[in-house]
J.: 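Okay, handing you the structure first.
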There are 2 protein chains.
Amino acid sequence: MKPISKEEYDLKCSTRQLFELMSEKWVPGLIYTLSLGPQRPGKLAGRLQGISKKMLTQTLRNLEDWGVVKRTVYDVVPPHVEYSLTSLGEKMVEPIALVHDWAQENREDIAKVFGNRLASKTS
Amino acid sequence: MKPISKEEYDLKCSTRQLFELMSEKWVPGLIYTLSLGPQRPGKLAGRLQGISKKMLTQTLRNLEDWGVVKRTVYDVVPPHVEYSLTSLGEKMVEPIALVHDWAQENREDIAKVFGNRLASKTS
DNA sequence: TCAAGTAGGCACCTTAAGGTAACCATGGAA
DNA sequence: TTCCATGGTTACCTTAAGGTGCCTACTTGA
């Protein structure tokens with residue numbers, strides 16, 4: 001077991017794990033949106049442009065398993081369900097917010113890179 | 001065309017685009033590693049634990065297309081190739097470094113979430 | 001003459017991610 | 001009594017991501 005230098009992007013590197021967690025399509029959006037307060041699935045769906053019912057529930061289930069989201073059911077009719085962040089979930093808001101803030105201030109550069117990528121894919 | 005509120009995670013949202021860019025498995029690691037200085041493919045491969053030859057070249061080609069990485073060939077024998085960041089690439093280091101720094105300070109929480117996810121996948 | 005290092009291409013395969021569409025249950029309103 | 005809203009589930013399908021393995025070309029040193 002050779003020592004791992006600081007520069008190495010090794011398997012147990014937290015950075016790498018964090019990027020892996022956040023690379024599930026709807027995860028950052030859901031966590032960020034939930035950081036605005038507990039919300040019902042309908043509202044969440046409305047805020048996450050393009051998400052399907054299936055992906056919404058599926059991602060929320062995953063986040064529950066991860067210990068990041070809590071599901072609360074109010075036993076009334078019609079059914080009332082609310083999702084909120086756990087304390088672990090609240091922590092995960094931080095890196096997303098960092099990226100979010102940076103992205104807002106650097107729209108131009110992101111747009112360039114994103115555009116180049118799009119162009120190279122279709123051609 | 002209804003107006004888009006600040007809370008909406010819409011398709012053209014830079015945050016969303018940025019996450020999409022960074023969710024390619026080897027992209028953050030490559031950009032971050034290249035931020036330590038221009039490097040030959042052999043060295044890059046050594047630093048990115050677990051990357052295969054194919055994925056290394058493939059990801060580098062993509063990053064070239066995105067305008068983030070530059071490939072320089074020195075016409076000598078044996079062949080000498082060096083990869084470096086463009087100025088656009090340098091900019092993309094910032095959000096990665098932000099996440100990296102946060103990840104270093106919050107290893108515990110990341111490990112928890114990551115562990116929970118692993119556990120829920122195998123069971 | 002043959003292996004080794006350097007850089008990379010190509011064919012192929014497997015899995016997982018994401019999406020669509022149809023369906024279920026409930027009870028109150030029209 | 002039929003329909004709607006709510007909050008899902010399920011089956012099915014398509015694509016893309018990532019990986020393995022083997023091949024190329026070039027030259028130098030053993």
Side-chain angles (χ1 to χ4, degrees), chain A residues 9 11 16-17 19-30 33-34 38-66 69-84 114 117-118 120-123, chain B residues 9 11 16-17 19-30 33-34 38-66 69-84 114 117-118 120-123:
Chain A
Y9 192 62
L11 282 165
R16 193 158 156 180
Q17 295 184 332
F19 272 114
E20 190 174 329
L21 291 171
M22 293 309 161
S23 68
E24 218 159 289
K25 183 166 181 182
W26 299 102
V27 164
L30 263 175
T33 305
L34 280 174
Q39 279 157 86
R40 309 182 56 176
K43 182 118 188 205
L44 286 170
R47 285 177 152 170
L48 294 161
Q49 197 187 68
I51 198 172
S52 70
K53 250 179 177 182
K54 187 196 122 181
M55 287 313 295
L56 180 63
T57 343
Q58 182 174 307
T59 311
L60 285 168
R61 292 288 166 276
N62 287 343
L63 293 176
E64 267 189 275
D65 291 340
W66 303 5
V69 156
K70 189 169 153 254
R71 179 170 181 263
T72 314
V73 185
Y74 298 92
D75 198 9
V76 293
V77 144
H80 183 114
V81 177
E82 218 171 51
Y83 292 93
S84 53
F114 201 79
R117 192 185 69 143
L118 265 190
S120 78
K121 281 208 171 182
T122 48
S123 68
Chain B
Y9 192 62
L11 283 165
R16 192 157 159 180
Q17 295 184 334
F19 273 113
E20 190 173 331
L21 291 171
M22 294 308 162
S23 68
E24 220 159 287
K25 183 166 182 182
W26 300 102
V27 163
L30 263 175
T33 305
L34 281 174
Q39 278 156 87
R40 309 180 56 175
K43 181 118 188 203
L44 286 171
R47 284 177 153 170
L48 294 161
Q49 197 188 70
I51 198 171
S52 69
K53 251 176 173 183
K54 188 196 123 184
M55 287 313 294
L56 180 63
T57 341
Q58 181 174 308
T59 310
L60 285 167
R61 293 287 165 277
N62 287 345
L63 292 176
E64 266 189 274
D65 291 341
W66 302 6
V69 155
K70 191 171 151 250
R71 179 169 182 266
T72 315
V73 184
Y74 298 93
D75 199 8
V76 291
V77 142
H80 184 114
V81 178
E82 218 172 51
Y83 292 95
S84 53
F114 202 79
R117 191 184 70 143
L118 266 190
S120 77
K121 280 208 172 182
T122 47
S123 67

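Letters A, B, ... are given to chains in the order of the sequence lines, protein chains preceding strands, and every chain is numbered from 1.
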J.: Identify the two heavy atoms, one from B/Y83 and one from B/L34, that lie closest to each other, and give their separation to 0.1 Å.
T.: O-CD2, 3.4 Å
J.: Answer yes or no: does a side-chain N or O of B/R40 lie under 4.0 Å from OP1 or OP2 of C/dG8?
T.: no
J.: Under the salt bridge (charged side-chain N to carboxylate O under 4.0 Å, His left out) rule, what do B/E20 and A/R117 come out as? Steps first, then yes or no, please.
T.: CA-CA 11 Å; B/E20 190 173 331; A/R117 192 185 69 143; 2.6 Å; yes
J.: Looking at B/K121, I'd like to know whether one of its side-chain N or O atoms comes within less than 4.0 Å of OP1 or OP2 on C/dA17.
T.: yes
J.: Distance check needed: D/dA17 C1' versus B/I51 CD1, whole Å only.
T.: 13 Å
J.: Which part of the nucleic acid, if any, lies within contact of A/P41, taking any heavy atom under 4.0 Å across all strands shown: a base, the sugar-phosphate backbone alone, or nothing?
T.: sugar-phosphate
J.: In whole angstrom, give the distance that lies between atom CG of B/L56 and atom P of D/dG19.
T.: 12 Å
J.: Expressed as a whole number of angstroms, how long is the span from B/K25:NZ to D/dA16:C1'?
T.: 14 Å
J.: Using heavy-atom distances to pick each residue's nearest nucleotide on DNA chain C, tell me which of A/Q58 and B/K53 is more 5'.
T.: B/K53
J.: Whole angstrom is fine here: how far is it from CH2 in A/W26 over to C1' in C/dG18?
T.: 10 Å
J.: Round to a whole Å and report the spacing from CZ of A/R61 to P of D/dG7.
T.: 12 Å
J.: Tell me whether the side-chain N or O atoms of A/K54 pair up with the base of C/dG19 as donor and acceptor below 3.5 Å, since no angle test is needed here.
T.: yes
J.: Any chance the side chains of A/R16 and B/Q49 put a donor and an acceptor closer than 3.5 Å?
T.: no
J.: Which is more 5' along DNA chain C, the nucleotide nearest A/M55 or the one nearest B/L60? Just name the residue.
T.: B/L60
J.: How is B/T57 classified with respect to the nucleic acid when contacts are heavy atoms under 4.0 Å: base, sugar-phosphate, or nothing?
T.: sugar-phosphate
J.: Of the nucleotides C/dG8, D/dG18, C/dG18, which has the atom closest to the B/Y83 side chain?
T.: C/dG8
J.: Quick one: are A/V73 and A/H80 in side-chain contact, heavy atoms under 4.5 Å?
T.: no
J.: Roughly, in whole Å, what's the span from CD in B/E20 to P in C/dA17?
T.: 16 Å
J.: Rounded to whole Å, please give me the gap between CG in B/D75 and P in D/dT27.
T.: 10 Å
J.: Hey, mind stepping through B/K70 and B/E82 against salt bridge (charged side-chain N to carboxylate O under 4.0 Å, His left out) and telling me if it holds?
T.: CA-CA 8 Å; B/K70 191 171 151 250; B/E82 218 172 51; over 6 Å; no
J.: Which whole-number value in Å describes the distance from B/Y74 OH to C/dA7 P?
T.: 12 Å
